[in-house]
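Structure first, then comments.
This one's a predicted model, so the numbers in the text were calculated from it and none came from an experiment.
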Amino acid sequence: IIMIFVVVVGSYYAMIQIQDKRLNELQQQEIVLQDQIDDLLETSLLTTYHEVGRIIQFLPNTYNQLGIINEINFVKNLSGLSLASNYSLSLDDEATSPFEQNLPTSVKFVRISLAMTIDDPALILDFIDNLLDQDQMYYIDTLSVSYTNDSRATIQMTIYTFYNDVELS
């Protein structure tokens, strides 16, 4: 009996040592993986943002309402949202600046209010990516996603675009 007891206790301590060693190895692997994830996030999130004051010269000098509406509809269709229901789009060309920085009075702002109900909420990310890839500059001020009981989502966005209202000679 003593022999069995010694073997059981010895086996118990040996298993604890093996498990501790394995736990330490897994913790080290977790640290390495977390560092790799952090590195990937840091490199993929490097996005260059410019101050509006520095890009004024690149802004369009006229307001083209039809062009903006067509571009947003194009982006909606490109993003797989062509079947979105309750779609509404309104433009306010007398909007105030969404920025805290004071800008020249020649810079005019257009607030775009967009709402729609979609089947796949993940497609809104495609919409945002496609919108920001357009030639027109857009600033997304707010984005609200509300999930409905039927696995759909209601999207509401406030987007701004701007133009430099000057006459070119």
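Linking Ile, Leu, Val, Met, Phe, Trp and Tyr residues whenever their side-chain heavy atoms come within less than 4.5 Å leaves Leu132 and Leu59 in two separate clusters. Clustering ILVMFWY residues whenever any of their side-chain heavy atoms sit less than 4.5 angstrom apart, transitively, puts Tyr13 in the very cluster that holds Phe5. Leu23 and Tyr12 are members of different hydrophobic clusters when ILVMFWY side chains are connected at heavy-atom separations under 4.5 Å. Connection of Phe162 to Ile140 is not established within any shared hydrophobic cluster, with ILVMFWY side chains joined at heavy-atom distances below 4.5 Å, either directly or through further cluster members.
Under the 4.5 Å side-chain criterion, counting only non-hydrogen atoms from C-beta, Leu114 is in contact with Phe127. Between Leu143 and Thr158, the closest side-chain pair of non-hydrogen atoms is not below 4.5 Å. Under the 4.5 Å side-chain criterion, counting only non-hydrogen atoms from C-beta, Tyr87 is in contact with Asn73. Side-chain contact between Val145 and Gln156 is absent, with no heavy-atom pair separated by less than 4.5 Å. Side chains of Val6 and Val8 form no contact here, defined as non-hydrogen atoms less than 4.5 Å apart. At least one side-chain heavy atom of Pro60 sits less than 4.5 Å from a side-chain heavy atom of Gln136. Put simply, the side chain of Thr154 does not reach to within 4.5 Å of the side chain of Asn86, judged on heavy atoms.
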With side-chain contact (heavy atoms from CB on, under 4.5 Å) as the test, would you mind laying out the steps for Phe109 and Glu94 before giving the verdict? CA-CA 7 Å; Phe109 300 91; Glu94 298 292 322; over 6 Å; no

Please test Asp141 against Ile159 for side-chain contact (heavy atoms from CB on, under 4.5 Å), starting from the C-alpha separation and ending with a verdict. CA-CA 6 Å; Asp141 188 42; Ile159 306 165; over 6 Å; no

Trace of the side-chain hydrogen bond (donor to acceptor under 3.5 Å, both in side chains) decision for Asn130 with Ser79: CA-CA 7 Å; Asn130 290 329; Ser79 304; 2.9 Å; yes

Would you please test Asn61 and Asp165 for side-chain contact (heavy atoms from CB on, under 4.5 Å) and show each step? CA-CA 5 Å; Asn61 63 343; Asp165 191 19; over 6 Å; no

Let's go through Ser85 and Arg152 carefully: what are the C-alpha distance in whole Å and the side-chain angles of both, what is the deciding distance for side-chain contact (heavy atoms from CB on, under 4.5 Å) to 0.1 Å, and is it a yes or a no? CA-CA 10 Å; Ser85 59; Arg152 300 184 79 201; 3.2 Å; yes

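Distance CD1/Ile18 to OG/Ser11: 9.5 Å, rounded to 0.5 Å. Put simply, CG on Leu123 and CD1 on Ile128 are 11.5 Å apart, with the number rounded to the nearest 0.5 Å. From Leu89, atom CG reaches atom OG of Ser113 across 8.5 Å, with rounding to the nearest 0.5 Å. Of the inter-residue distances, the one linking Gln19 atom CD with Asn24 atom CG reads 11.5 Å to the nearest 0.5 angstrom. With rounding to the nearest 0.5 angstrom, the CD1 atom of Ile112 is 9.0 Å from the CD atom of Glu71. Atom CD1 of Ile124 sits about 4.5 Å away from atom CD1 of Ile155, to the nearest 0.5 Å.
Other residues, nucleotides and ligands place more than 12 heavy atoms under 6.0 Å from the CG atom of Leu26. The number of heavy-atom neighbours closer than 6.0 Å to CG of Asp150, taken from other residues, nucleotides and ligands shown, is above 12. Atom CD1 of Ile16 sits in a crowded spot, with more than 12 heavy atoms from other residues, nucleotides or ligands closer than 6.0 Å.
Of the possible donor and acceptor atoms, none in the side chain of Ser106 sits under 3.5 Å from a partner among the backbone N and O of Asn164.
A pairwise comparison of heavy atoms in Thr161 and Met137 identifies OG1-O, 2.6 Å as the closest pair. Scanning all heavy atoms of the two residues, the minimum distance from Val75 to Leu131 falls at CG1-N, 3.6 Å. When all heavy atoms of Gln65 and Leu91 are compared, the closest pair comes out as CG-CD2, 4.0 Å.
Classified by interplanar angle (parallel below 30°, tilted 30° to 60°, perpendicular above 60°), the ring pair Tyr160/Tyr139 is tilted.
Taking the ring axis of Tyr63 as reference, the NZ or CZ atom of Lys108 does not stay both within 45° of it and closer than 6.0 Å to the ring centre.
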